[in-house]
2 protein chains.
Amino acid sequence: MQKNIEFIDKLRSSGLRPTKQRLKICEVLFNREETFHFTIKDLVKKISDNLNEKISLATVYNTVHAFKDKGYLKEISINSDKSYFDTNITNHHHFFDEDTNQLIDCEDDYIENINIKKNITGKKINSVEVLIKVASDNQNQN
Amino acid sequence: MQKNIEFIDKLRSSGLRPTKQRLKICEVLFNREETFHFTIKDLVKKISDNLNEKISLATVYNTVHAFKDKGYLKEISINSDKSYFDTNITNHHHFFDEDTNQLIDCEDDYIENINIKKNITGKKINSVEVLIKVASDNQNQN
DNA sequence: CAACAGTTTAGAATAATTATAATTTAGTTT
DNA sequence: AAACTAAATTATAATTATTCTAAACTGTTG
Ligand SMILES: [Mn+2]
Ligand SMILES: [Mn+2]
Ligand SMILES: [Zn+2]
Ligand SMILES: [Zn+2]
């Protein structure tokens, strides 16, 4: 449970002005125990749930991209028409529940270390991410 | 190098009428040695390069989705605003070259087997895909 | 050939995202 | 504290990928 003053420092230290919109978004994103995986739409909903005054959609996009650029958020690849973002910025893998469209972190002890034995010549590896698509186990699924 | 008659059989056998648009798209997609990774835009370009008469954009979308539904194409998850498709429908991993935005198949001998040690309860695993993002190796990159 | 379902098509509609340009605000300088 | 300036917010327009619609066209079957 971070204090407002901590968010102000965090923003200032990366050259972002601590506006009230950014602070509110910090609260929503980072004042939580668990990792938050979200789309812009999810975030807008959380904001309007927690807030009497509204933040413009453009500002939500601007802020999420600024936070991503500063390394406070990660963008996640899902086969979908929209972007997902992740408050867990470490290198990690995901389950994607195709029933609920939910992203879930894959803990390190769920998967053996990935070993890339060969790489493309002249290129360096920036990330290695596993996406495990799961769905309901029962026979009669739609 | 498949013959037109083979595509006609292929389409008929999955309940798709062999129209001239579908046959042309089959040629572009499947008359090649190498796997083809493409976006709809890429495919439209290939079609107009190879063809004097044009195929409507709606038909290209319809056909790609029909081929995907029949299992002749695979849709690939890339962090992007557009979908990629793949003529390699086997279970396999990818390199994504962030310099060129190109998808490249990761041969089996490039990566050790992925072992998912635990799964989410009540769910079955539908796919496990690794995405290796690579980029230029040199220091002075923009 | 006639009939009919399947397919193609232009164009409209939708949805996510980005751009624009005017207004407001945060931080700095007088 | 008032003035100044660059950064940020905002409503709104623009863009892009994709899907929908409904009319015209075509492949298949009898
Ligand atoms: Mn899609
Ligand atoms: Mn994006
Ligand atoms: Zn995550
Ligand atoms: Zn592939």
Side-chain angles (χ1 to χ4, degrees), chain A residues 4-5 7-28 37-45 47-48 51-70 72-73 75-85 101 103, chain B residues 4-5 7-28 37-45 47-48 51-70 72-73 75-85 101 103:
Chain A
N4 216 269
I5 187 76
F7 292 135
I8 291 177
D9 287 347
K10 182 175 181 165
L11 290 170
R12 283 229 182 83
S13 74
S14 49
L16 297 173
R17 288 186 179 175
T19 63
K20 68 177 194 301
Q21 291 86 346
R22 285 175 177 161
L23 289 171
K24 191 70 211 175
I25 291 173
C26 278
E27 273 178 48
V28 171
H37 296 101
F38 63 98
T39 64
I40 295 287
K41 205 175 161 191
D42 295 334
L43 178 55
V44 166
K45 182 164 171 19
I47 291 168
S48 75
L51 196 60
N52 31 9
E53 60 210 300
K54 78 180 273 291
I55 297 178
S56 106
L57 183 59
T59 298
V60 177
Y61 272 98
N62 289 343
T63 302
V64 166
H65 283 126
F67 285 5
K68 182 196 165 194
D69 292 344
K70 298 299 180 181
Y72 303 143
L73 289 174
E75 200 168 356
I76 303 290
S77 320
I78 295 289
N79 188 15
S80 172
D81 38 10
K82 61 177 72 107
S83 270
Y84 281 70
F85 294 89
N101 269 31
L103 258 188
Chain B
N4 216 268
I5 186 77
F7 292 136
I8 292 178
D9 287 348
K10 182 176 180 163
L11 290 170
R12 282 230 183 81
S13 74
S14 49
L16 296 173
R17 289 186 179 173
T19 63
K20 69 176 194 300
Q21 291 88 347
R22 283 174 179 163
L23 288 171
K24 191 70 211 174
I25 292 174
C26 278
E27 274 178 45
V28 172
H37 296 100
F38 63 97
T39 64
I40 294 288
K41 205 175 161 189
D42 296 333
L43 179 54
V44 166
K45 181 164 172 18
I47 291 167
S48 74
L51 195 60
N52 33 8
E53 59 210 302
K54 76 179 276 290
I55 298 178
S56 105
L57 183 60
T59 300
V60 177
Y61 272 99
N62 288 344
T63 302
V64 166
H65 282 126
F67 286 5
K68 183 196 164 194
D69 292 345
K70 297 300 181 183
Y72 303 142
L73 290 175
E75 199 168 356
I76 303 291
S77 320
I78 295 289
N79 189 17
S80 173
D81 36 12
K82 61 176 71 102
S83 270
Y84 282 69
F85 294 89
N101 268 31
L103 258 188

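Below, each value reflects all heavy atoms present in this structure, side chains not excepted, and no hydrogens, waters or symmetry copies. The sequence lines fix the lettering, A, B, ..., with proteins before strands; numbering per chain opens at 1.
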Between OG1 on residue Thr19(A) and CD1 on residue Ile25(A), distance to nearest 0.5 Å:
7.5 Å

For the pair made of NZ in Lys24(B) and P in dT9(C), what is the distance, rounded to whole Å?
14 Å

Please check the phosphate of dT18(D) (OP1 and OP2 only) for any side-chain N or O of Tyr61(B) closer than 4.0 Å.
yes

Please state how far atom CG in Asn62(A) lies from atom P in dT10(D), giving the value in whole angstrom units.
10 Å

In terms of heavy-atom contacts, Pro18(B) and Leu23(B) come closest through O-CD1, 4.0 Å

Give a yes/no answer on whether the side chain of His65(A) brings an N or O atom under 4.0 Å of OP1 or OP2 in dT17(C).
no

Hey, does the side chain of Thr19(A) come within less than 4.0 Å of dT9(D)'s phosphate (OP1/OP2), counting only N and O?
yes

Asp81(A) CG to dA13(C) P, in whole Å, measures 20 Å

Test ring pair (Phe, Tyr, Trp, His ring centres under 6.0 Å) applied to Phe85(A) - qualifying residues, sequence neighbours left out
Phe38(A)

Could you state the CD-P distance from Gln21(B) to dT26(D), rounded to the nearest angstrom?
9 Å

At under 4.0 Å, does any side-chain N or O of Arg12(A) touch on OP1 or OP2 of dG27(C)?
yes

Judged by each residue's nearest nucleotide on DNA chain D, which is more toward the 5′ side, Leu16(B) or Lys82(B)?
Lys82(B)

Output the rounded distance in Å from CD1 (Ile8(B)) to P (dG6(C)).
20 Å

Closest approach to the side chain of Ala58(A), judged atom by atom: which nucleotide of dT8(C), dA11(D), dG11(C) is it?
dA11(D)

For dT8(C), does either OP1 or OP2 sit under 4.0 Å from a side-chain N or O belonging to Ser56(B)?
no

Of the candidate nucleotides dG27(C), dT18(D), dT7(C), which contains the atom at the shortest distance from the side chain of Pro18(A)?
dG27(C)

Classify Thr59(B) by what it touches in the nucleic acid, base, sugar-phosphate, or nothing, heavy-atom distance under 4.0 Å.
base

Return the value, rounded to whole Å, for the distance between atom CD of Glu75(B) and atom P of dA17(D).
15 Å

Closest heavy-atom pair and its distance - Lys82(B), Thr39(B):
CD-CG2, 3.4 Å

Taking only side-chain nitrogens and oxygens of Arg22(A), does any of them come within less than 4.0 Å of OP1 or OP2 of dA8(D)?
yes

Residue pair His37(B) / Leu103(B): nearest heavy atoms and the distance that separates them
ND1-O, 3.4 Å

Nearest whole angstrom, please: distance from the P of dA17(D) to the CZ of Phe85(B).
13 Å

d(CD1, Ile40(A); C1', dA16(C)) in whole Å
10 Å

Just N and O in the side chain of Thr63(A): are any of them under 4.0 Å from OP1 or OP2 of dA8(D)?
no

